[in-house]
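Contents: one structure, followed by commentary.
Keep in mind that the numbers below use all heavy atoms, side chains included, and drop hydrogens, waters and symmetry copies. Just so we're on the same page: letters track the sequence lines, and every chain starts at 1.
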2 protein chains.
Amino acid sequence: MEALPTKKQNWSIQVAITIYDIAREAKVGIGTVSRVFNGHPNVTKETREKVLVVAKRLNYQPHVYAQGLARQRTNTFAAIIPFFTNYFFIEVLQGVQEKISSIGFDLILHGINHPDEIDESLRRSSRRGRVDGIIFFSMRVPDSFAKKWKDLEIPIVLVDTFHEAFDSITVENFQGAQIATEHLISLGHKNIGMITANIKSDPARIRLEGFRAAIQKHGLTPHPGNIIVSDVTKLDGFSRDAGYLAMKEMLKLGSNLPSAIFISSDVQAIGAISALREKGLRVPDDMAIVSFDDIELAQHFGLTTMRQPMFRMGELAVDQMVKRKQNPAALPVQMRFMPELVVRQSCGAKKLSPNIEDYVHHKDINELASPQD
Amino acid sequence: MEALPTKKQNWSIQVAITIYDIAREAKVGIGTVSRVFNGHPNVTKETREKVLVVAKRLNYQPHVYAQGLARQRTNTFAAIIPFFTNYFFIEVLQGVQEKISSIGFDLILHGINHPDEIDESLRRSSRRGRVDGIIFFSMRVPDSFAKKWKDLEIPIVLVDTFHEAFDSITVENFQGAQIATEHLISLGHKNIGMITANIKSDPARIRLEGFRAAIQKHGLTPHPGNIIVSDVTKLDGFSRDAGYLAMKEMLKLGSNLPSAIFISSDVQAIGAISALREKGLRVPDDMAIVSFDDIELAQHFGLTTMRQPMFRMGELAVDQMVKRKQNPAALPVQMRFMPELVVRQSCGAKKLSPNIEDYVHHKDINELASPQD
DNA sequence: CTACTTTGTGGAAGCCCTTCCAACAAAAAA
DNA sequence: TTTTTTGTTGGAAGGGCTTCCACAAAGTAG
């Protein structure tokens, strides 16, 4: 019962074709075979043909790890992503995946469900010869970490988070939040609240700051208790449940309930709408909502939201990684996108000026701002 | 401008620590160093300590590719997934990711957006020494492919699709569809329709068959035109848009509209509900709906649906992969889960017997059927 | 017709591990 | 004490590739 499979395996190992086999069969040297597969110019047409014919006949496949070992690079990037079931990450990830694949690289995915796992993932990714670069998503980078990572001497690109020591691709969370809030102000709302995700998350914190700045800038009186900061840790509070709970909390304000709120993500908004609906309150009639992200579902819910070019951000992360490898010594590059206000039903603007186009079906994400590099 | 980065790189390469450095510093042989890191028992405590101290001092990291080359295995699996923005895949993928990570393996992700890419992905994954196994999602496996893949001599596990030559983890689509349909029948509906995804997809096709079987079994008269088969190719028709369009189509039946429908996935159901709402029709009052999958959103929409243990399926795929590697010669194993009817609002059953628990918050997916291996 | 390039080629060395075998030391058995 | 067993160790071989160096052949210039 044990012997048989082993036997079988042995056979399958012996069957492996190496450049030595090809060299022998084609009556050339191994160096020549290697040159053929690497497109080295100094090989005559006839030799090249001869090698390729034999290689095809023997169904040769180069051994990736042997190549990696000899070349000292892996043609692989790692992506370290928190909670990748979050729709935002998925859309960015798709951009990353497609781009990586298009340049003939492979993508190693590390999902992080608990902060402790970050270190482990980085350790795994940073083992020498594992990957050529790491794309790091959304998680705050403490200075102590930054120093350690710099020592890794492996390129790191940050997406949706920022640290001066690394390349980063982010969105203007502050201004985005400001624009969102000002949209509500422009619709005449005086008592505007906010529901934000866990403040440990940079985007959540900055969006809150942007919101406050807008309120202040327009001389509105801040109403106590109409800012709900989620203390949910799962998904950093960027979840439907967190939004639901936050709105439940807010509903306790009773008659002091704001007439409009800015919510730090679409998923939270969806949860919040649930909570409102349970109370018999309607959006936007009883409460106007503007949120953030523009995930695919946002359009279904008619959410007015701040659109982030997620797919594009993923692609750019890979582009930047490639550039960084070409020039490791260059100064860190920061790319920031300006999110775009997408007006749908949830803010109530459509009621005021119904000539704006309605249900947007299949509208492509267009690039909002070009990177400033 | 060119010289500097190169110089820098040289330096960083020279700084790389190998077992030879450790052996020298610790005054032991390389074999001993290797044994220490591989937990080989025959090393004295003192020697082990000595090596570990030096290794820590020099910040030694083993070179993954060198290990892979020497060990003849990679500790890496590939997952080939179509349209991984689909919620179903994401949840399965998460199971895969967590399990892979927990056994200390890495996951290489290949997203497929067009059938042509399958071959390329398989080629890339099957290069010798690239991965130790491939988990293949949802896509139909033609016999011609199967033969080719068998020759790859690399373990393949199928998830959400079936072929007799490979291990597979699937759900009872036929019976699931039957149960869903019978639930509607049991609620008294006589004219029941179906909206299905693209019939090219196995799950879609089989669910349609299950639906038909249920209708026939209970002696209901099939109503012409109340089965809408999506011809959308994007996401194989398992999308909100496809569901929306299908319902638009169905609405043309006018007064012949069925009073209940079975829809082949939750996302489609969400789209269909959109279309109904636009016409001012309400769920479940004007139309009862049962769908399939139980993605996270289903509960938000109050969808009555057939729950698949997606996360668990992902985990099992990895488990099976490990088993398969231990015993490559064993006969293919098929695991089939029975989906479970989750009753929420969209079918209208709650109205009839309101004692059923309502909004299910955070209920964990429990395993529905144990694998029959 | 020589001297010097250029082009094409073979294969050793090197990338960094694991594993196996031989050698030795220490402990146990005779 | 001698022999056998057991435990520990060093390092060669091997995994499959790239790259560099040496060299031969062929071309170019003087």
- Message: With a cut-off of less than 4.0 Å, is there a side-chain N or O of T47(B) near OP1 or OP2 of dT9(D)?
- Response: yes
- Message: Tell me every residue that passes side chain to side chain donor-acceptor pair (under 3.5 Å) with E315(A), counting only those two or more places apart in sequence or in another chain.
- Response: R312(A)
Table please: side-chain donor-acceptor pairs of residues 134-148 of chain A below 3.5 Å, with sequence neighbours left out.
unit_1, atom_1, unit_2, atom_2, d
S138(A), OG, D160(A), OD2, 2.7
R140(A), NE, D202(A), OD1, 2.6
R140(A), NE, D202(A), OD2, 3.3
R140(A), NH2, K200(A), O, 3.4
R140(A), NH2, D202(A), OD1, 3.1
D143(A), OD1, H163(A), NE2, 2.8

- Item | Which residues share a side chain to side chain donor-acceptor pair (under 3.5 Å) with T47(B), sequence neighbours left out | T44(B)
- Item | Residues in contact with DNA chain D, drawn from residues 25-42 of chain A - heavy-atom cutoff 4.0 Å | I30(A), G31(A), S34(A), R35(A), N38(A)
- Task: Give me the residues of residues 49-67 of chain B where at least one heavy atom lies under 4.0 Å from an atom of DNA chain D, by number, or none.
- Result: A66(B)
- Overall bend of the helix from dC1(C)-dG30(D) to dA30(C)-dT1(D) (five pairs an end, 10° steps) is 40°
- Task: Please say whether more than 12 non-hydrogen atoms of neighbouring residues, nucleotides or ligands are located less than 6.0 Å from CD in E120(B).
- Result: yes
- Note on the structure: Residue pairs meeting salt bridge (Lys or Arg N to Asp or Glu O under 4.0 Å), one or both in residues 102-113 of chain B, sequence neighbours left out, come to R124(A)-D106(B), R127(A)-D106(B), R130(A)-D106(B)
- Of the listed dC16(C), dT9(D), dC17(C), the closest approach to the V43(B) side chain comes from dT9(D)
- Item | Proximity to the side chain of L69(A) - top-ranked nucleotide from dT18(D), dC17(C), dG15(D) | dG15(D)
- Message: Just N and O in the side chain of R128(A): are any of them under 4.0 Å from OP1 or OP2 of dC16(C)?
- Response: yes
- Task: Could you tell me which residues satisfy salt bridge (charged side-chain N to carboxylate O under 4.0 Å, His left out) with R128(B), sequence neighbours excluded, listed by chain and number?
- Result: none
- Note on the structure: Per nearest nucleotide of DNA chain D, the residue lying toward the 5' end, A70(B) or T44(B), is T44(B)
- With sequence neighbours left out, what residues match K99(A) under salt bridge (charged side-chain N to carboxylate O under 4.0 Å, His left out)? D319(A)
- Query: Which residue pairs satisfy the ring pair (Phe, Tyr, Trp, His ring centres under 6.0 Å) criterion with at least one member in residues 20-57 of chain A, sequence neighbours excluded?
  - Reply: F37(A)-Y60(A)
- With R57(B), which residues qualify under salt bridge (charged side-chain N to carboxylate O under 4.0 Å, His left out), at least two apart? E25(B)
- Under the salt bridge (charged side-chain N to carboxylate O under 4.0 Å, His left out) rule, collect the residues that match up with R24(A), sequence neighbours excluded. D21(A)
